[in-house]
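Just so you know, residue 1 is the first one in the sequence shown, and it goes up from there. Nothing here was measured: the structure is a model prediction, and the numbers come from that model. Counting starts at 1 for both ligands and their atoms, following the listed order.
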Amino acid sequence: MRVAMIGTGYVGLVSGACFSEFGHNVVCVDKDESKIAGLHQGQMPIYEPGLEDLVENNVRAERLTFTTDLTTSVKDSDVIFIAVGTPSRRGDGHADLSYVYAAAKEIADAMDGYTVVVTKSTVPVGTGREVEKIIRETRPDAEFDVVSNPEFLREGSAIEDFMRPDRVVIGTHSERAQEFMRVLYRPLFLIETPIVFTSRQSSELIKYAANTFLAAKITFINEIADLCEKVDADVHDVAKGIGLDGRIGRKFLHPGPGYGGSCFPKDTRALVSTARDSGSPLRIIETVVELNEQRKQKMAERIISAVGGDATGKTIAVLGLTFKPNTDDMRESPSLDIVPALIAAGAKVRAFDPEGMKEAKHMLEGVEWCEEEYETMPDADALVIITEWNQFRALDLERVKSLMMSPVMVDLRNVYEPTEMSNAGFHYYSIGRKSVGPTAQ
Ligand code: UDX
């Protein structure tokens, strides 16, 4: 099958590479010439484990190509994916659909023969209908179907999520289009992946409902964590105790500094707007959005109180800046609220992140950037873990202590155990667990 992927961002590039791995001929299209030129030289525009090899293998097998030429790509393809960005519109939180509609118009102009147009971008309910209208108005003669096929890819494990998904959702009632989608996802049918065939609207809503549910689950455990601190309970035990109930499930019950990334913040805001406009507000999700924003500020306050309540002149070492590990993505990362709040409170911040610093340097001012973790620590008044990269999980605690001015760690991801830290001579603050001081030697 011949596939054109319009938009070679995170979702487009991963999906395109994976479809080519399935054996299809895929062309990834993007307007950004430098991105396409880079891809021709094997340079990935994003950091995603396994992606470079996957791209290289499929380019070599001549199943995967990159171009800026949308017209020819669309003309030569059976299935066209729209995988362009849908950022939050300034002001009202609605998803900005201008890129999606512009792509629909360009696709319509170029289509040749029966074509399946698939929206992969996360788009509000009703967008598929609008895309269909645009194509129909531009090309009243064209034979086509518009399908919704949302992605559920987590950054850092996107390839695995694509190759072995929990489910695939396909929104269309057209049997002809369904058949094309079956062929496209054939390797997943073979491993008995559940495939949900549904209407376009339901499919569009499934994506938002899934992400907002997960955001709510994280926010729930974050609030329970705060309560644990007040009543001397341990949030991990609580999470385990409830998560073992099959109706609740153990995943996404890890407390932290608040969710971030390219999806949850944007999708929660967008669904809140859609729901309000539809006259059926989602009060739970409205609260989730508000609590998550407040939480990031509270994390800065927590750090300031760990250095004695006044950060003026204090040196704070920060490990991890990306919104989660194994990505270079800084979008809506809690660090973007926490670090500026520390600096505004008079602290000097030294920071290190294994992959995120290139991006972070454009987004954070006044930070002293370090080459590796221990470089952040000399004479620091506190060490803060914002992102749980594996390399921060086994720090040489003796070395850390000897470098720092005072042995204070604020672990916003609960990477360490309170008893271990106490025995190692630290004042240790984490989330949803008792804060501990050094045990008397
Ligand atoms: C998410 C969805 O998981 C994916 O299905 C969707 O299509 C895109 O959005 P992603 O943003 O890559 O994926 O990251 P994810 O692993 O879901 O984490 C999102 C945020 O939640 C991160 O900031 C993470 O640190 C936080 N999180 C996650 C927690 O704080 N606790 C948890 O238990 C899980």
Side-chain angles (χ1 to χ4, degrees), residues 9-12 14-15 46-49 51 83 85-86 88 95 119-123 148-162 164-169 203-204 206-226 235-236 238-240 242-243 248-271 288-289 291-293 295-296 299 320-338 353 355-356 385-389 392 411-415 430-432:
Y10 191 84
V11 171
V14 170
S15 308
I46 48 161
Y47 171 76
E48 178 65 31
L51 185 62
T86 52
S88 276
T119 49
K120 191 93 181 111
S121 306
T122 299
V123 290
S148 159
N149 173 221
E151 51 82 18
F152 301 97
L153 309 175
R154 283 165 305 168
E155 294 187 17
S157 45
I159 294 167
E160 176 69 13
D161 285 349
F162 194 99
R164 265 170 284 279
D166 289 339
R167 81 307 207 180
V168 172
V169 176
S203 168
E204 289 167 340
I206 284 168
K207 169 67 196 232
Y208 280 101
N211 272 358
T212 52
F213 185 89
L214 292 170
K217 200 171 176 188
I218 296 168
T219 306
F220 173 80
I221 202 66
N222 283 341
E223 280 208 300
I224 293 288
D226 291 348
V235 69
H236 291 298
V238 176
K240 190 171 175 190
I242 62 172
I248 297 174
R250 291 183 68 169
K251 292 183 182 159
F252 274 72
L253 285 178
H254 195 84
Y259 60 78
S262 63
C263 289
F264 287 172
K266 167 172 81 73
D267 294 351
T268 43
R269 286 193 295 263
L271 191 61
V288 163
V289 170
L291 289 173
N292 198 61
E293 279 310 311
R295 184 161 190 85
K296 300 187 231 171
M299 292 299 116
L321 297 163
T322 51
F323 80 99
K324 67 173 195 176
N326 297 324
T327 175
D328 59 357
D329 202 335
M330 285 292 299
R331 281 177 284 179
E332 309 227 20
S333 174
S335 68
L336 294 175
D337 289 86
I338 297 171
D353 185 282
E355 295 292 339
I385 298 181
I386 300 188
T387 318
E388 68 279 33
W389 286 89
F392 306 149
D411 178 359
L412 300 182
R413 299 288 182 169
N414 291 0
V415 167
S430 57
I431 307 277

Checklist line | Contacts of type side chain to side chain contact (heavy atoms under 4.5 Å, CB included), residue Lys296, not counting sequence neighbours | finding: Asn292, Glu293, Pro334, Asp337

Check: With Phe220, which residues qualify under ring-ring contact (aromatic ring centres under 6.0 Å, His included), at least two apart?
Finding: none

Checklist line | Sequence-distant partners of Ala225, side chain to side chain contact (heavy atoms under 4.5 Å, CB included), two or more places apart | finding: Val235, Pro255, Ile431

Next item on the list: Could you walk me through whether Lys324 and Arg154 pass side-chain contact (heavy atoms from CB on, under 4.5 Å), step by step?
Entry: CA-CA 10 Å; Lys324 67 173 195 176; Arg154 283 165 305 168; 3.7 Å; yes

Next item on the list: Using heavy atoms and a cut-off under 4.0 Å, could you grab the residues that are in contact with ligand 1, chain by chain, numbers ascending?
Entry: Glu151, Phe152, Leu153, Arg154, Glu155, Lys207, Asn211, Ile218, Phe252, Leu253, His254, Tyr259, Gly260, Cys263, Phe264, Phe323, Lys324, Arg413

Next item on the list: Just say parallel, tilted or perpendicular for the rings of Tyr259 and Phe264, cut-offs at 30° and 60°.
Entry: perpendicular

Next item on the list: Indicate yes or no: does Lys207 engage Glu151 in a salt bridge with an N to O separation below 4.0 Å.
Entry: yes

